[in-house]
Amino acid sequence: MIDALMENILSMVYIIIGGVLISWSVHFVPVGGAPAAMAQATGIGTGTVQLAAGAGLTGLVSAGFMMNVTDNLPLILASGAVGAMIMISVTMIVGTWVYVYGVGCVPSSAKVKTDPITKYRQDLYVSQGTEGHGLPTVSFVSGVIGGCLGGIGGALVYYALIEVGLAVGLTAGAASTVTGNELVGIAAMFAIGIFFVNAVIPSYNIGGTIEGFHDPKWKKWPKAVVSSFVATILCAVVAVIAISQLGVI
Amino acid sequence: MSAGGSGGGATAAYPPQTIMAIGAIGGLAGIYLGHFMPPAFSFFGGLGAICAIVWGADAVRRVASYGLGTGVPSIGMISLGMGIVAALFGLSVGGVAGPIVSFIAAAIIGAVIGVLANKVIGMGIPIMEQAMVEIAGAGTLAIIGLSVVIAGSFNYADVVQYVVANGYIALIFIIGGMGILHPFNANLGPDEKQDRTLSVAVEKAAIALVITGFASSLHEGLMSAGLNIAVGLVIWAWAFMKYYGFIKRDAHAVVGTGLLPSAEELQ
């Protein structure tokens with residue numbers, strides 16, 4: 001067991017960096033939860049975990065697709081990042097359509113007076129008794145950055161786990177029977193497990209809504225990143241041992 | 001008791017220790033029975049998973065009553081996230097002691113995350129550490145139990161080949177998570193009662209047994225799959241009727257106040 005850990009020390013570093021990136025990325029995503037679903041707060045009307053998981057898993061799928069054709073790490077990470085960014089962008093743009101044309105409100109935030117990117121006044125458009133509504137430009141940009149980081153993190157974890165499996169002689173190629181590709185299945189499940197752990201820890205840190213990187217709560221991110229760092233070390237140790245054991249049986 | 005608001009400890013008819021014993025001992029017993037008995041009896045793994053899911057739902061109920069600020073589903077998702085990592089690890093190194101090793105690994109991961117949540121993030125929930133250990137353990141036993149239903153044993157090679165490699169593990173992940181996170185989420189409110197919440201947990205876990213029973217037909221044959229599905233359906237019907245009874249007990253009386261007065265009566 002110790003040998004497996006020592007041989008895969010680089011992969012473990014990748015997994016830990018990936019976990020920390022996922023944790024950090026969650027803070028960028030504008031999450032409104034139930035209040036946003038009723039257009040009483042800014043952000044997307046669902047929970048952090050669902051959004052982070054959606055973006056991360058899309059990133060995982062696009063990274064896995066890229067790994068079919070190349071083992072070049074920068075290309076795989078870029079593919080994962082773009083997949084997650086597309087997913088989160090589409091979610092946000094459709095959400096904005098619903099807010100603007102369905103609910104009939106102007107995307108604006110009550111937490112800052114002007115949008116940090118466009119410099120437009122926002123306080124004039126906030127409905128009484130709400131914290132804002134819709135997705136202002138800064139929240140959209142912040143969400144795309146979050147998707148990028150989360151996709152890179154998810155792709156990095158998946159890549160590292162596949163590398164651990166390849167090192168003990170397993171294959172991850174497409175040439176296999178439908179039910180015979182153990183490595184891909186187990187690496188994907190570990191990546192998803194690590195993703196959920198690292199998506200939930202920062203959501204406890206945020207607790208409620210977040211509008212993106214201009215939100216005051218955003219300053220709490222170091223706490224979540226430290227927590228995720230420790231939690232991911234544990235997950236990385238058990239994941240590397242479990243995948244190395246696949247080569248033994 | 002709401003997901004966003006502050007709350008306190010949940011009142012309960014069954015003490016946590018009882019549920020914990022049912023979940024841990026029942027879960028492990030079911031898993032081992034399903035492993036050592038012939039493939040036709042793999043539904044014992046499902047019975048173990050039902051015990052574990054009830055335990056997990058009760059732990060979610062206790063911790064989520066304090067108000068997490070992020071909604072109840074997040075804690076169910078972290079349960080399965082920790083569970084899948086710990087389950088595969090334990091089965092890979094443990095051999096015949098696999099489920100116990102998984103359980104201990106889950107407890108360690110859960111304890112570390114619970115301490116981080118309280119000490120570093122500062123959630124300040126007094127039972128957070130204990131609840132995280134319980135939730136991780138329950139998620140792990142649920143995953144292994146449902147894997148035993150499909151694979152017929154918990155040998156690492158069998159589980160990887162019959163459950164992980166063909167993607168059934170994703171199915172287990174979601175239906176196991178539903179069993180743990182959904183009961184409290186569906187019943188929360190000022191009149192939430194423990195027996196009503198837990199009857200939903202049994203019902204959801206029985207659905208999980210039915211679905212994994214379908215999946216087991218690929219490897220164990222139609223007879224075993226039929227037995228798995230039949231056991232699941234019987235438990236589901238029983239739990240659903242119990243739940244229906246609890247709803248009727250807790251539903252408030254409908255009182256007739258009469259019709260609005262007509263124009264003549266008002267004059």
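First the proteins, then the strands, lettered A, B, ... as listed; each starts at 1. Treat the numbers as computed from the prediction; the structure is a model and nothing was measured.
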Problem set entry | chain B contact via A/Leu234 - side chain, backbone, both or neither, heavy atoms under 4.5 Å | side chain
How about [atom1] on [X], more than 12 heavy atoms from neighbouring residues, nucleotides or ligands closer than 6.0 Å, or not?
{"X": "B/Tyr32", "atom1": "OH", "value": "yes"}
{"X": "B/Met178", "atom1": "CE", "value": "no"}
{"X": "B/Met223", "atom1": "CE", "value": "no"}
{"X": "A/Phe65", "atom1": "CZ", "value": "no"}
{"X": "A/Ile9", "atom1": "CD1", "value": "yes"}

For this session: Search all heavy atoms of A/Ala242 against all heavy atoms of B/Ser92 and return the closest pair with its distance.
Result: CA-OG, 3.4 Å
Problem set entry | Smallest separation among heavy atoms of B/Met77 and A/Val200, with atom names | CB-CG2, 4.5 Å
Exercise. Any idea which of A/Pro35, A/Cys235, A/Gly185, A/Ser227 has the most non-hydrogen atom pairs under 4.5 angstrom with chain B?
Worked result: A/Ser227
Exercise. Out of A/Ile241, A/Ile201, A/Val238, which one racks up the most heavy-atom pairs below 4.5 Å with chain B?
Worked result: A/Val238
Exercise. Quick one: ring pair (Phe, Tyr, Trp, His ring centres under 6.0 Å) partners of B/Phe173, sequence neighbours excluded?
Worked result: A/Phe196
For this session: Using a cut-off of under 4.5 Å on heavy-atom pairs, state which of B/Leu88, B/Ile121, B/Val163, B/Val112 scores highest against chain A.
Result: B/Ile121
Seminar exercise, completed: The reported gap from CG in A/Asn198 to CD1 in B/Ile113 (rounded to nearest 0.5 angstrom) is 8.0 Å
Seminar exercise, completed: So OH of B/Tyr156 and CD1 of A/Ile186: to nearest 0.5 Å the spacing works out to 3.0 Å
Problem set entry | Close side-chain approach of A/Tyr204 and B/Ile75, heavy atoms under 4.5 Å | yes
How would you list, in number order, the residues of [range] that have a heavy atom less than 4.5 Å from chain A?
{"range": "residues 142-155 of chain B", "answer": "none"}
{"range": "residues 78-87 of chain B", "answer": "B/Ile78, B/Gly81, B/Met82, B/Ile84, B/Val85"}
{"range": "residues 126-137 of chain B", "answer": "B/Met128, B/Met132"}

